[in-house]
Structure formats: C-alpha cells, structure tokens
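Naming: A, B, ... by sequence-line order, numbering from 1 per chain.
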There are 2 protein chains.
Amino acid sequence: MVFQVRPGRASDTDGKTALHVLLWQRALDPERGKWSLPGGRLGADEDLTSSVRRQLAEKVDLRQLAHLEQLAVFSDPARVPGPRTIASSFLGLVPSPATPELPPDTRWHPVSDLPEMAFDHGPMVEHARNRLVAKLSYTNIGFALAPNEFALSTLRDIYSAALGHHVDATNLQRVLERRQVITRTGTTARSGRSGGRPAALYRFTESRYRVTDEFAALRPPG
Amino acid sequence: MVFQVRPGRASDTDGKTALHVLLWQRALDPERGKWSLPGGRLGADEDLTSSVRRQLAEKVDLRQLAHLEQLAVFSDPARVPGPRTIASSFLGLVPSPATPELPPDTRWHPVSDLPEMAFDHGPMVEHARNRLVAKLSYTNIGFALAPNEFALSTLRDIYSAALGHHVDATNLQRVLERRQVITRTGTTARSGRSGGRPAALYRFTESRYRVTDEFAALRPPG
DNA sequence: CCAAAAGTGTTAGCGTTACACCCATGC
DNA sequence: GCATGGGTGTAACGCTAACACTTTTGG
C-alpha cells in the first residue's frame, strides 16, 4: 500500500487534504474492472523488500518513496483463485508535495472513499491505515509524509488527514519538539496574501524510521 | 518461538523464574549440533497458522498453547543454505504451571542465556522477545503466560521474568484492574509455611488476545 | 484599524511510579 | 510477639489535551 496525503478533488472534501492510496484498475479477469494494490511475484534472488521496490517502480517514481516497511502476511489458501498465493503486505509512504507520474491505469483514491476492490485488498488497506495511524503516535514516521521543510500548520494538516481527526497545531508542536522529532530551521515562511504572522519553518530531525516513544499520543479528541 | 515462564535450574538464576524458549538440537547437517526453532514447511492446503500448529504438535502439547500470533517474515535469499526458503516467525505462549512432555532432542532454554543457534534463529528470538515485552504493556497477553487463577505475587513474578526487570505488585494490580484485564475470583489462597497474609486470587477476565490500552505502561524502573 | 494566521501561556486531568504504612496469618 | 508476605493509601511526576491570549503580518 502506497499512501500519500494530497488535496482531494474539490467536489470530494471541500478542497481539504486527505489520505490517499495508490490503486490500479484490473484490465483482465479475474475481477476485471476492480481496483488492485500494486504488487507482483517474488523473484528467486531478491528479498521481499527488494521485490516490492521493483514492483512499485512500474507504478510510481521510487525516489519519492520515503518509507517502506513490511506489515502482514495473508496466507489463506483460498484468498485468490488459481494457484496458491501468499501475499506479504507493505506500507509505503510518499511525501506530500510530490506528484509522481502515474501510468494510465493507476490512480490515487481517498482511503475514506475506496472503490470496489479486488480479492482481499480492501481489508489490507484498512489494516495498513490502522498501522499508520498508530505509528504516527509513537514514531517519527511523519517524516515520510511531510515536505523537507514545513510550517507547523502544514504539518498539522498532514497529520490531521492521515489520522482522520482534528489535530491541534499547538500540541502537535509540543509533542514532536519534546521528542526531538522536529527541529526549527531558523527560517520563516512568507505570510500569505491574506496576511497573518509568518510561520517558522521546521524539518524532521531524522529521515529514518525510529520509535520515539512507546507511549502513544495524538489520540482522537474527546 | 514458543515461550514459557518457568523456574530456572537452581544453579542458573538462584531458583527464580525466568523466560524460556523451546529449542531443539539439530542432529543433521547443516549446522549439526546447534539449536533450532521448531518449524517446517508450509503445506499446499493450509494457511500459516494451521501450519505452525501442525509443526508444533510434534514438539509440545498443543492444548498448552494459549496464544499464537504471527510476527515477521525473513526473506533474505541467503538466509539458509540450499534452496531458497522464506521464514515466517510466530509467537507462541505456554502458561506457567504447565509442563508439557518434550521429545528427547528438545529443551527449554532461558532467553537470557541462549546456546549457539542455527541460521538466523538467534535474532528471531531476540525480535520475538521484544515484541512480547511491548505487548505485555498494552495488551492482555499475560493471560497466555499465567495460570487460570493466581495470586498477585505470582503474576508479578511472571511479568517480571517476561519483562526482564523488577515489577511492583501494587502497581501491576492497579494497572491491570483499571483496564479490567484481571478480575478477583473472591477466593483466597492459603498462606505458606512461613506465615503471611493469605493472597486474594485473580483470573484474567478474557482469554482472548486484546489490545487494552495503546498507551504503554510497565516500563523499566528508573 | 481590522482580519488572519502563528505562536505562547496556563490549566486541568489522567495514568503511572514509588514508597510508606496497615493487615492477616503461621510459628 | 515476631517474622513473613499481602494489601491499601498517598504523594509526586510526566505527559497530554484544551483553550484563552498575545504577537506579527497584509490590506
């Protein structure tokens, strides 16, 4: 599953950003016309991670892939028709401003409004989304969804879209600064046309996945 | 990996309980004499969980296996000699008082003092132990290590052995009671030979794996 | 001056740890 | 009575959520 936070079509979400997943539409039976996760067969000389990178290269520019991590295995003998196939699912993340070229059969879909999915791919996306939400709470995985430099309000929008609930920029700042997950660059952004104080810019301290705090935070409001 | 908390040999740990893992000693090359994790090949008509249960039946009485869960996949093409093999590791737990029959080539080893291990099995055990420690903090997984009914001091010893650090019985009680992970049975144990107040007995409220709190607790003292 | 956006300060609350203190039993 | 082990009470702390308030910009 490759995820990205990107602006929805205006009709969808009032122009707000939302978490999207990369899918391609099957041209052949079985399940022709339904939407599938990118993937393919494991080669004899590669490990799973290399294989995933190879498969994804056909769908998305790999330089954009900031994080890739194995999630789960689906091994039900009847999970797909035909010869027995075991699927190992991966979580891939693309930073927000990037807009990789896509082949014609491939599109970003908002996770809140998925099309009819092939095989067991629907539950797979569900599972991956849950893992992403959890990991945003106790790791620095946000680095793989955010631009290199960003204002806190931008980061708030990204976290908010990925988590699926409102996020307070103030608290996000304090949580991530305390854990030293983000660092001020010292520079500031220019304020927009409509005025407002210029925002301080931040970057993620590290660009490698790291568990920063086993004690979860960023839980839904209430 | 099948784990159990059991009394160490007196010479090892002063008779205190410790977390053990089930290993068998290879009789044939490659890696003859080294210790291996139980396992085997996946059959055409079974999913991974069924396969693991089948493999383990040879080593340990399955009725004793209170929890079984998939952990990770090891897919390096060179991880074992010979034809390419992909390993999917599982976490299995045996409750504490049980003493299943073992075949002669099989033994419990304390995780703090592992013998020379075959292939990549050493790091696998390490990984599984880390997952177990984490999950003791935010799930009810302790049910699979403890007896049906137990005094709090017993449970403390089990948690302490599995976590690898001192655990305060008072706080363990409060944490697990708050989350309704354990329940008082109403009965009490008899006090030991050396006197002492009789202990209230508890049981785990549920015998099915459940995430009880995403906010970890039971962290090391300090 | 006003609106907009960013940033700071403050408070309240939950959950956990640490530890002192009281209770019940066998000898 | 005394040692032993079980249980309760309490205080302190860390971290987070919620939100009012101040600061800085553009028009």
field: Glu101(B) side chain vs Asp61(B) backbone, donor-acceptor pair below 3.5 Å
entry: no

message: Can you pull out every salt bridge (charged side-chain N to carboxylate O under 4.0 Å, His left out) where at least one residue sits in residues 132-141 of chain B? Sequence neighbours excluded, please.
response: Glu69(B)-Lys135(B)

- request: Determine the contact category for Arg190(A): base if any of its heavy atoms lies under 4.0 Å from a base atom, sugar-phosphate if only primed atoms, P, OP1 or OP2 are that close, otherwise nothing.
  value: nothing

message: Is it the case that dT8(D) (base atoms only) and Thr170(B) (side chain only) share a donor and an acceptor within less than 3.5 Å, ignoring hydrogens and angles?
response: yes

- prompt: Rounded to whole angstroms, how far apart are CG on Asp168(B) and P on dG5(D)?
  reply: 16 Å

query: In a check of ring-ring contact (aromatic ring centres under 6.0 Å, His included) between His67(A) and each of Phe90(A), Tyr209(A), Phe3(A), which one passes?
result: Tyr209(A)

- prompt: Does Arg174(B) make a side-chain donor-acceptor contact with the base of dT10(D), cut-off 3.5 Å?
  reply: yes

- request: Indicate, with a heavy-atom threshold strictly under 4.0 Å, whether Ala169(A) touches base, sugar-phosphate, or nothing.
  value: nothing

task: Look at the aromatic rings of Phe150(A) and Phe204(A) and report parallel, tilted or perpendicular, splitting at 30° and 60°.
output: tilted

query: Ser153(B) side chain N/O closer than 4.0 Å to the phosphate oxygens (OP1, OP2) of dG6(D)?
result: yes

message: Using modelled atom types and a 3.5 Å cut-off, is there a donor and acceptor pairing between side-chain atoms of Thr17(B) and backbone atoms of Arg6(B)?
response: no

query: With a 3.5 Å cut-off and no angle check, do the side chains of Thr139(A) and Thr212(A) form a donor-acceptor pair?
result: no

message: Please report the distance, rounded to the nearest Å, between CG in Leu201(A) and C1' in dA6(C).
response: 12 Å

statement: Across all chains, not counting sequence neighbours, the salt bridge (Lys or Arg N to Asp or Glu O under 4.0 Å) partners of Arg210(B) are Glu206(B)

task: Report the nucleotide, chosen from dG7(D), dT17(C), dT8(C), that has the shortest atom-to-atom distance to any side-chain atom of Arg184(A).
output: dT8(C)

task: Mind running side chain to side chain contact (heavy atoms under 4.5 Å, CB included) on Trp35(B) and Glu116(B) for me, showing each step along the way?
output: CA-CA 6 Å; Trp35(B) 292 82; Glu116(B) 203 174 1; 5.8 Å; no

- request: Classify the side chain of Arg156(B) and the base of dG6(D) as holding, or not holding, a donor-acceptor pair under 3.5 Å.
  value: no

task: If a protein heavy atom is under 4.0 Å from the base, mark B; if only from the sugar-phosphate, S; if neither, -; do that for nucleotides 22-27 of chain D going 5' to 3'.
output: -BBBSS

query: In whole Å, what is the span from the CD atom of Glu177(A) to the C1' atom of dT8(C)?
result: 12 Å

query: In whole angstroms, how far is the P atom of dG7(C) from the CG atom of Leu176(A)?
result: 14 Å

- prompt: Once you round it to whole Å, what is the distance between C1' of dA17(D) and NE2 of His166(A)?
  reply: 11 Å

query: How is Ala151(B) classified with respect to the nucleic acid when contacts are heavy atoms under 4.0 Å: base, sugar-phosphate, or nothing?
result: nothing

- prompt: Just how far, in rounded Å, is P of dG5(D) from CZ of Phe150(B)?
  reply: 20 Å

field: Distance, rounded to the nearest Å, where Tyr138(B) contributes OH and dT16(C) contributes P
entry: 15 Å

field: Rounded interatomic separation in angstrom, taking OH from Tyr159(A) and C1' from dT16(D)
entry: 15 Å

- prompt: For Arg178(A) and Gln173(B), take the nucleotide of DNA chain D holding the closest heavy atom to each; which residue's nucleotide lies nearer the 5' end?
  reply: Gln173(B)

message: Nearest to the side chain of Asn171(A), heavy atoms from C-beta on, is which of dT16(C), dA18(D), dG7(C)?
response: dA18(D)

